[in-house]
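See below for the structure under consideration.
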Amino acid sequence: MFRTFYPDDYKMSVYMMNFEEIYEKGYRGLIFDIDNTLVPHGAPSDKRSEELFAKLRNIGFDTCLISNNQEPRVKPFADKVGSKYVFDAHKPSVKNYQKAMKLMHTERETTLFIGDQLFTDVWGAKRSGIKSVLVRPIHPKEEIQIVLKRYLERIVLHFYKRDKNAGRIQTGI
């Protein structure tokens, strides 16, 4: 039942991921959530996120930000980090994950999604046939509807970690 929401991998931070290794595995497009994945909720881009996207371009990746936020939040962030973007994405709807791949000229097999929420980010990627990496949220301060989802996410993550440790699921991208 919970496996529907399991990510393909789980990392402590997007900033601790080995993107060179991911590129070597054949991934060419990276789709990112913004809030609590790259920066705290509502924060503008910062030096760390801008340096990450410069590094990703240097490796050879194309990137796309996909957010349920509106364009006034997403566009300035995308402009600063130098990424394509999709706003008002209605995650976990499949349509805009597909749009992100179209913008990057990638396929499901060469695209990886990275986000901090199971029920929107990971589930949307999974429904789209894209591998996903769940990262730990950057900052605990969130809107009330997200706080409620986090409680349910903890339950799913408990079973994910149990199944992973018992070898009942294969993880990794």
Side-chain angles (χ1 to χ4, degrees), residues 1-19 21-22 25-41 49 52 56 61 63-69 74 77 83-104 106-140 142-173:
M1 173 170 105
F2 292 125
R3 288 182 184 214
T4 301
F5 302 105
Y6 284 2
D8 294 293
D9 208 349
Y10 180 63
K11 301 290 185 188
M12 293 305 288
S13 169
V14 69
Y15 297 103
M16 297 170 69
M17 292 176 64
N18 185 338
F19 288 102
E21 183 179 293
I22 292 168
K25 290 181 178 181
Y27 293 98
R28 297 299 181 259
L30 301 173
I31 303 173
F32 289 90
D33 174 55
I34 299 172
D35 289 320
N36 263 338
T37 298
L38 296 166
V39 294
H41 187 80
S49 60
L52 173 65
L56 296 173
F61 285 109
T63 61
C64 188
L65 303 171
I66 182 171
S67 175
N68 286 345
N69 281 305
V74 181
F77 194 99
S83 180
K84 296 169 176 72
Y85 68 94
V86 177
F87 66 95
D88 195 22
H90 299 283
K91 294 181 289 182
S93 173
V94 171
K95 179 178 77 169
N96 286 308
Y97 287 83
Q98 293 169 338
K99 181 177 181 179
M101 286 187 287
K102 189 173 186 172
L103 289 170
M104 296 186 298
T106 59
E107 303 295 326
R108 290 180 180 106
E109 302 77 28
T110 60
T111 305
L112 182 66
F113 179 85
I114 303 157
D116 71 302
Q117 292 188 54
L118 286 175
F119 302 126
T120 52
D121 297 333
V122 169
W123 192 35
K126 199 170 206 91
R127 292 176 67 216
S128 303
I130 301 169
K131 296 279 187 181
S132 63
V133 176
L134 178 70
V135 294
R136 192 170 179 175
I138 288 177
H139 195 274
E142 298 180 296
E143 298 169 335
I144 188 66
Q145 70 270 23
I146 296 175
V147 171
L148 296 173
K149 284 192 275 184
R150 294 286 186 209
Y151 174 76
L152 297 172
E153 283 182 352
R154 278 197 296 272
I155 296 167
V156 174
L157 283 173
H158 165 77
F159 287 100
Y160 168 79
K161 290 174 184 175
R162 184 196 70 185
D163 289 349
K164 179 181 174 185
N165 291 336
R168 288 190 284 268
I169 59 168
Q170 294 286 18
T171 61
I173 47 167

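This chain uses plain numbering: 1 for the first residue, then up along the sequence.
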Open item on the list: Please give me the minimum heavy-atom distance between A125 and F113, naming the atom from each residue.
Closed with: CB-CB, 3.7 Å
TODO: Kindly give the heavy-atom pair with the smallest separation between F77 and L38, and that separation in Å.
DONE: CE2-CD1, 3.9 Å
Open item on the list: Nearest 0.5 angstrom please: M16 CE to R136 CZ, how far?
Closed with: 10.5 Å
TODO: Flag the pair L118 / Y160 as yes when at least one side-chain heavy-atom distance between them is below 4.5 Å, and no otherwise.
DONE: no
Task: Nearest non-hydrogen partners of I138 and V39, listed with the distance - done: CD1-N, 3.4 Å
Task: Nearest-0.5 Å distance, CG of residue L30 to CG of residue L56 - done: 5.5 Å
Task: With sequence neighbours excluded, residues passing side chain to side chain donor-acceptor pair (under 3.5 Å) with D33 - done: T37, K91
Task: Point-to-point distance, once rounded to the nearest 0.5 Å, from OG of S67 to CZ of F32 - done: 14.0 Å
Open item on the list: Any non-hydrogen side-chain atom of F87 less than 4.5 Å from a side-chain atom of L65?
Closed with: no
Task: side-chain contact (heavy atoms from CB on, under 4.5 Å) evaluation trace for D121 with D116 - done: CA-CA 7 Å; D121 297 333; D116 71 302; 3.5 Å; yes
Open item on the list: Are K84 and M104 packed together at the side-chain level, in the sense that at least one heavy-atom pair is separated by less than 4.5 angstrom?
Closed with: yes
Task: Exercise: identify the closest heavy-atom pair between Q98 and R108 - done: NE2-NH2, 3.9 Å
Task: Least distance between heavy atoms, D88 atom then H90 atom - done: O-CD2, 3.1 Å
TODO: Look only at the side chain of N36 and the backbone of P137, and say whether a donor-acceptor pair between them is shorter than 3.5 Å.
DONE: no
Open item on the list: Any non-hydrogen side-chain atom of F19 less than 4.5 Å from a side-chain atom of V14?
Closed with: yes
TODO: Nearest 0.5 Å please: distance from the OG1 atom of T63 over to the CZ atom of R28.
DONE: 14.5 Å
TODO: Would you indicate whether K25, at its atom NZ, is surrounded by more than 12 heavy atoms from other residues, nucleotides or ligands within a distance under 6.0 Å?
DONE: yes
Open item on the list: Run the side-chain contact (heavy atoms from CB on, under 4.5 Å) test on E153 and L134 for me, step by step, so that the C-alpha distance in whole Å, both residues' side-chain angles and the decisive distance to 0.1 Å come before the verdict.
Closed with: CA-CA 11 Å; E153 283 182 352; L134 178 70; 5.8 Å; no
Task: Test item: Y6 and D163 side chains (from C-beta on) under 4.5 Å apart, heavy atoms - done: yes
TODO: Keeping to residues at least two apart or across chains, list the side chain to side chain donor-acceptor pair (under 3.5 Å) pairs with something in residues 123-135.
DONE: none
Open item on the list: Using every non-hydrogen atom in the two residues, find where T120 and Y97 come nearest and quote the distance to one decimal.
Closed with: O-OH, 3.2 Å
- [ ] May I ask you to test the Y85-I34 pair for a side-chain heavy-atom distance under 4.5 Å?
- [x] no
- [ ] Measure up the F5 and F119 rings against each other and bin them: parallel (under 30°), tilted (30 to 60°), perpendicular (over 60°).
- [x] perpendicular
